[in-house]
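All remarks here apply to the structure that follows.
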Protein chains: 2
Amino acid sequence: MATVSRVLNGKEVVREETLRQVLAAAETLHYVPNVAARSLSIRRSHTVGIVLPDVHGEFFSEVIRGIDVAARHAGYHILVSGSHSDVGEMLEVLGAMRGRVDGLIVMAPDVAHASLHQSLPSDLPLVLLNSTDEGRDAITIDNYGGAQAMMRHLAGLGHVHIAFIKGPAQNADARERLRGFRHAMRGLGVTATRHLELAGDFTEESGHAAALKILTLAPRPTALFAANDAMAVGALAALAEAGTAVPGEMSVAGFDDIPIARYVAPPLTTIRVDIADLGRRAFGLLLGAIEQPAGSAAGRRDCIATTLIVRKSSCSPAIHTTTSARPDRKLRGRRKGEES
Amino acid sequence: MATVSRVLNGKEVVREETLRQVLAAAETLHYVPNVAARSLSIRRSHTVGIVLPDVHGEFFSEVIRGIDVAARHAGYHILVSGSHSDVGEMLEVLGAMRGRVDGLIVMAPDVAHASLHQSLPSDLPLVLLNSTDEGRDAITIDNYGGAQAMMRHLAGLGHVHIAFIKGPAQNADARERLRGFRHAMRGLGVTATRHLELAGDFTEESGHAAALKILTLAPRPTALFAANDAMAVGALAALAEAGTAVPGEMSVAGFDDIPIARYVAPPLTTIRVDIADLGRRAFGLLLGAIEQPAGSAAGRRDCIATTLIVRKSSCSPAIHTTTSARPDRKLRGRRKGEES
DNA sequence: CATCCGGATGTAACCGCTTACATCCAGCGC
DNA sequence: GCGCTGGATGTAAGCGGTTACATCCGGATG
């Protein structure tokens with residue numbers, strides 16, 4: 001039976017003839033190796049765990065899809081647990097996965113929960129998604145670079161008064177995007193940006209509310225950059241209700257390129273993030289850590305690039321709207337007519 | 001050590017005092033039971049496998065979410081494998097899951113692949129999603145009922161000439177929706193419906209193409225019912241390009257209530273399917289089959305209810321458009337002016 | 001006081017595989 | 001002919017639990 005094991009694992013030399021016999025016998029007996037016994041013996045399950053918070057549809061599925069194909073390719077399986085609303089639940093699952101998996105991919109964008117980071121098992125290969133922690137491997141999105149790319153786009157169109165709708169304060173992605181915005185604004189010579197930064201929490205409603213506030217600013221910004229697409233969509237709705245033309249009177253930009261971004265009116269200019277790639281790379285990093293436990297010191301980083309997607313929601317600010325003249329719909333309407 | 005096992009499983013009587021000692025020791029030693037050893041011994045992994053074809057974002061994540069929460073609640077884990085483009089790949093994964101899971105939830109809506117059904121392990125509890133097979137447990141969506149509900153809605157508004165954009169011929173969901181449409185049409189006294197049924201394959205492009213064909217029918221239908229939302233969205237785009245007012249000249253309805261359905265212009269009237277519930281119930285059925293293997297004869301069925309969601313894309317047909325007058329854009333434009 | 005009883009705990013076989021080590025055997029050089 | 005060598009295969013000791021069965025022990029019973 002040692003020989004059978006050798007044949008099935010193919011890692012040792014077996015006589016050609018014997019090999020054939022074993023294979024034939026296995027075939028006729030419908031033999032299927034017992035996975036549990038093998039795991040017990042080699043202390044490896046060829047399974048990786050994925051723990052996600054309660055993230056939404058497209059993101060959730062794309063991350064998993066990315067990890068899934070990479071894992072399948074490497075002969076690994078994935079044990080998934082999503083929609084954890086609180087840290088306690090997450091820790092519980094993390095505990096239950098112990099022993100079942102060879103490594104873990106954990107997404108916990110809310111850096112606030114230091115308790116979680118402390119409780120992560122230290123004896124298991126682990127990579128973090130969209131959050132960092134000294135001494136642990138992590139994959140992040142190039143939020144800073146993406147935000148700067150969008151700002152370059154807007155600035156290139158001629159915008160200077162650009163408002164920004166922020167994400168949750170404790171969210172790592174949101175913070176980086178904000179950092180990118182601020183840096184770009186300084187580059188445009190605008191140093192006092194605080195009044196141009198509106199609070200938001202990544203929901204459509206918060207985007208809606210923030211957009212209404214932006215309309216009251218004087219001078220009124222000519223462009224609005226939301227830290228994610230959901231808020232940009234909310235903003236678009238608010239602007240439509242207020243009768244503000246997009247992009248005529250106000251350019252709007254988002255971040256993420258969620259699927260509906262191309263269907264809203266007007267289609268949204270945004271930053272695309274290749275989420276499946278995020279998953280793929282996370283698995284790659286994890287696999288490396290699993291296969292060479294003593295491998296290069298932990299703390300490896302990998303960053304996912306972003307792409308600027310220009311659609312119809314952004315354009316150059318019209319000359320007359322850059323002045324802070326109070327909006328007068330009839331008048332503007334006539335002027336528009338003259339122009340065309 | 002037998003006693004330790006008894007304490008940890010709590011299934012046998014142990015002296016109060018001993019129990020405390022064991023627990024204390026386990027605590028100080030950071031003892032964590034080895035899952036593989038336990039599975040080997042009790043021949044159960046407390047894990048269920050989920051195998052999905054290459055389905056899209058929202059559906060994928062919702063099904064998994066539904067199963068996930070139900071499973072977690074019951075102390076089970078889920079092993080996921082998605083995005084299988086062909087049957088061979090699916091079978092491979094199915095094989096690899098053998099021994100790793102106590103049961104399987106498989107989605108294979110393309111009934112055409114009888115080979116798959118034959119190759120499904122027969123010694124493992126298994127429930128099918130959106131496809132049926134004699135003698136196997138299955139959960140389906142109430143496609144027939146949903147389609148009828150939508151038809152009742154349209155008929156109630158006064159529509160009689162209703163076109164239908166079909167889904168892939170071998171897709172079980174698509175077939176049932178078509179059946180619902182036909183039955184309802186007979187109820188409306190329309191017996192020859194074939195010319196009102198346009199081919200489609202669940203993609204936006206096919207919906208776009210089908211809508212253009214519908215515009216050429218005489219008498220022109222006053223309503224269009226697509227077998228899924230993606231095609232309805234495509235149709236909406238086609239109608240907008242052709243300058244056909246929705247819902248004024250043509251009511252449009254879809255099926256699924258995908259997230260963007262509420263963001264398109266006009267918001268889409270559709271049939272909502274509670275997908276998370278689909279997953280939840282599938283797990284429930286599977287759990288039953290796992291816990292009483294000899295349980296009631298296999299072949300249990302469960303059906304997910306659907307809900308009619310009325311939005312802005314449907315309304316009563318204007319009186320003049322129910323006649324079969326040939327469309328004349330200028331003329332219709334003037335008439336409209338007179339009405340308002 | 002010997003026997004019996006039943007609850008609590010200890011013992012060891014077993015789950016099915018991997019793998020270090022033992023064994024076997026053919027070919028080789030001396 | 002003999003000891004060696006090395007490749008192929010057999011043997012058995014784990015891996016870390018579960019659980020049937022044996023054992024132990026204090027109290028009730030005859």
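The chains referred to below are lettered A, B, ... by the order of the sequence lines, with proteins before strands, and numbering in each begins at 1.
Between the CG atom of Asn9(B) and the P atom of dT19(D) there is a distance of 7 Å, given to the nearest Å. For the pair Ile42(B) CD1 and dT19(D) P, the computed distance is 7 Å after rounding to whole Å. Protein atom NZ of Lys11(A) is 18 Å distant from nucleotide atom P of dT9(D), rounded to whole Å. Atoms CZ (Arg6(B)) and C1' (dT19(D)) sit 8 Å apart, rounded to a whole Å. Rounded to an integer number of Å, the gap from Leu8(B) CG to dG17(D) P is 9 Å. Counting to the nearest Å, the C1' atom of dT9(C) and the CD atom of Gln21(B) are 12 Å from each other. For Glu12(B) and dT19(D), the CD to C1' distance is 8 Å, given to the nearest whole Å.
Electrostatic pairing of Arg280(A) and Asp302(A) does not count as a salt bridge here, judged by no charged N lying under 4.0 Å from a carboxylate O.
Ranking dC17(C), dT18(D), dG10(D) by closeness to the Met1(B) side chain, first place goes to dT18(D). Checking dA20(C), dC17(C), dT18(D) against the side-chain heavy atoms of Arg38(A) singles out dC17(C) as nearest. Ranking dG10(D), dC15(D), dT18(D) by closeness to the Leu40(A) side chain, first place goes to dC15(D).
Heavy atoms from other residues, nucleotides or ligands lying under 6.0 Å from CD of Glu92(B) number 12 at most.
Backbone-only contact: Val13(A) has heavy atoms under 4.0 Å from sugar-phosphate atoms and none from a base. Val14(A) comes within contact range of the sugar-phosphate backbone alone, with a heavy-atom separation under 4.0 Å but no base atom that close.
Scanning atom types as modelled, no donor and acceptor separated by under 3.5 angstrom connect the side chain of Arg43(A) and the base of dG16(D). With hydrogens and angles ignored, no donor-acceptor pair under 3.5 angstrom links the side chain of Thr3(B) to the base of dG10(C).
In terms of position on DNA chain D, the residue among Ala2(B) and Ala37(B) whose nearest nucleotide sits closer to the 5' end is Ala37(B).
The phosphate of dT9(C) has OP1 or OP2 within less than 4.0 Å of a side-chain N or O from Thr18(B). Of the side-chain N and O atoms in Asn34(A), none sit less than 4.0 angstrom from OP1 or OP2 of dC15(C). Look at Arg15(B) and you'll find a side-chain N or O under 4.0 angstrom from OP1 or OP2 of dT9(C).
Of all non-hydrogen atoms in Met90(B) and Met107(B), the two that sit nearest each other are CE-O, 3.1 Å. Of all non-hydrogen atoms in Met97(A) and Ser81(A), the two that sit nearest each other are CE-CB, 4.0 Å.
His46(B) and Tyr76(B) have tilted rings, their planes meeting at an angle from 30° to 60° on a 0 to 90° scale.
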